[in-house]
Amino acid sequence: TERKKRRKKETDLVEEHNGHIFKATQYSIPTYCEYCSSLIWIMDRASVCKLCKYACHKKCCLKTTAKCSKKYDPELSSRQFGVELSRLTSEDRTVPLVVEKLINYIGMHGLYTEGIYRKSGSTNKIKELRQGLDTDAESVNLDDYNIHVIASVFKQWLRDLPNPLMTFELYEEFLRAMGLQERKETIRGVYSVIDQLSRTHLNTLERLIFHLVRIALQEDSNRMSANALAIVFAPCILRCPDTIDPLQSVQDISKTTTCVELIVVEQMNKYKARLKDISSLEFAENKAKTRLSLIRRSMETCTNCVRFMSITRNSVSGKGRLHRGNYPSPSSPVVVRLPSMSDVPEETLTSEAVLETDITEQQQ
Ligand SMILES: [Zn+2]
Ligand SMILES: [Zn+2]
């Protein structure tokens, strides 16, 4: 019940629209909605932009066409650390540049490194790389740094987010889902909370989890299981709000770790299932191809039969009688009997065709 009390209400969720970052609020003084121009009553659910203080009804905040005047322009500032995720992303850049850059590099050079993300890099080098990324992320050459330095800097970037990847707002929700008894229920619960994340947070979380799945799949080499990765990443992406009692937050650690591990394992299973689907599809495709070429070959044989038969027919018509019994009409080539083995070019003979010929010969 204490959990329930501390549970944040759905109305606290942050909405992002036209560059605004709307948070829920209630006005104690009469305020006019900047969208519909009518009064926001004291009991009304209202929204205010954290950046420009645009005020409106909650129901109006997604309708406004006014762009946020304080919207952070990634082009104007190079800072990457300690900046709201929404300020590092845009319609063209769904995942922050620094995330793309670090994840791609580690995905390419660190997948098989033992203890990747568990081992730490040198403090001075971490500081240097961090400063470099904050100054001009694009021009930093990651080849100049040890892989563990790069991994440490990425974890730092996640920890420095003013609102962590899985958000303060949904922290209690994630933990509540982890308290469900059945594993199936827990999975469904966790995914329904993930569904509530804003697009920006979801995009980057997806990118990160896919990266962690790729690392966990190489556990034999890098010794980093989904659990080992969750121990490292849970404190970076599923942090409790400062308002939570420190003792409670320590008790929450096992739950946050299990939660992150569950997501990685689930995505890993989906990934493996997809791989299995692909390989079974490939198997089916090959089987279909083999079968198709068999059918094609027997069709060729049939076509040949038809042609042979018409020749036979023409040649026999003058003599007024058929040599080898009654042939079915050429329009039903499936039941056509071969005139004789020697008439058929060897490569077009399938076993069925041979069988048919045998029967024909035996019947004569
Ligand atoms: Zn705004
Ligand atoms: Zn309004």
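Numbers here simply count residues along the sequence, with the first being 1. Small disclaimer: the values here were computed from a predicted structure and weren't measured. Counting starts at 1 for both ligands and their atoms, following the listed order.
Ring geometry for His20 versus Tyr54: interplanar angle of 30 to 60°, hence tilted. Classified by interplanar angle (parallel below 30°, tilted 30° to 60°, perpendicular above 60°), the ring pair Tyr117/Phe154 is tilted. Taking the six-membered ring where the residue is Trp, Phe210 and Tyr271 present perpendicular rings, their angle passing 60° and hence far from 30°.
Leu158 and Leu202 fall within a single hydrophobic cluster, where Ile, Leu, Val, Met, Phe, Trp and Tyr side chains are chained together by heavy-atom contacts under 4.5 Å.
Vertex the Zn ion (ligand 1); arms to His20 atom ND1 and Cys52 atom SG; angle 100° (nearest 10°).
The Zn ion (ligand 2) has Cys33 SG, Cys36 SG, His57 ND1, Cys60 SG as protein N, O or S atoms under 2.8 Å away.
Through direct or indirect side-chain contacts shorter than 4.5 Å among Ile, Leu, Val, Met, Phe, Trp and Tyr, Phe283 is connected to no other residue.
Between Asp134 and Val98 there is no side-chain heavy-atom pair separated by less than 4.5 Å.
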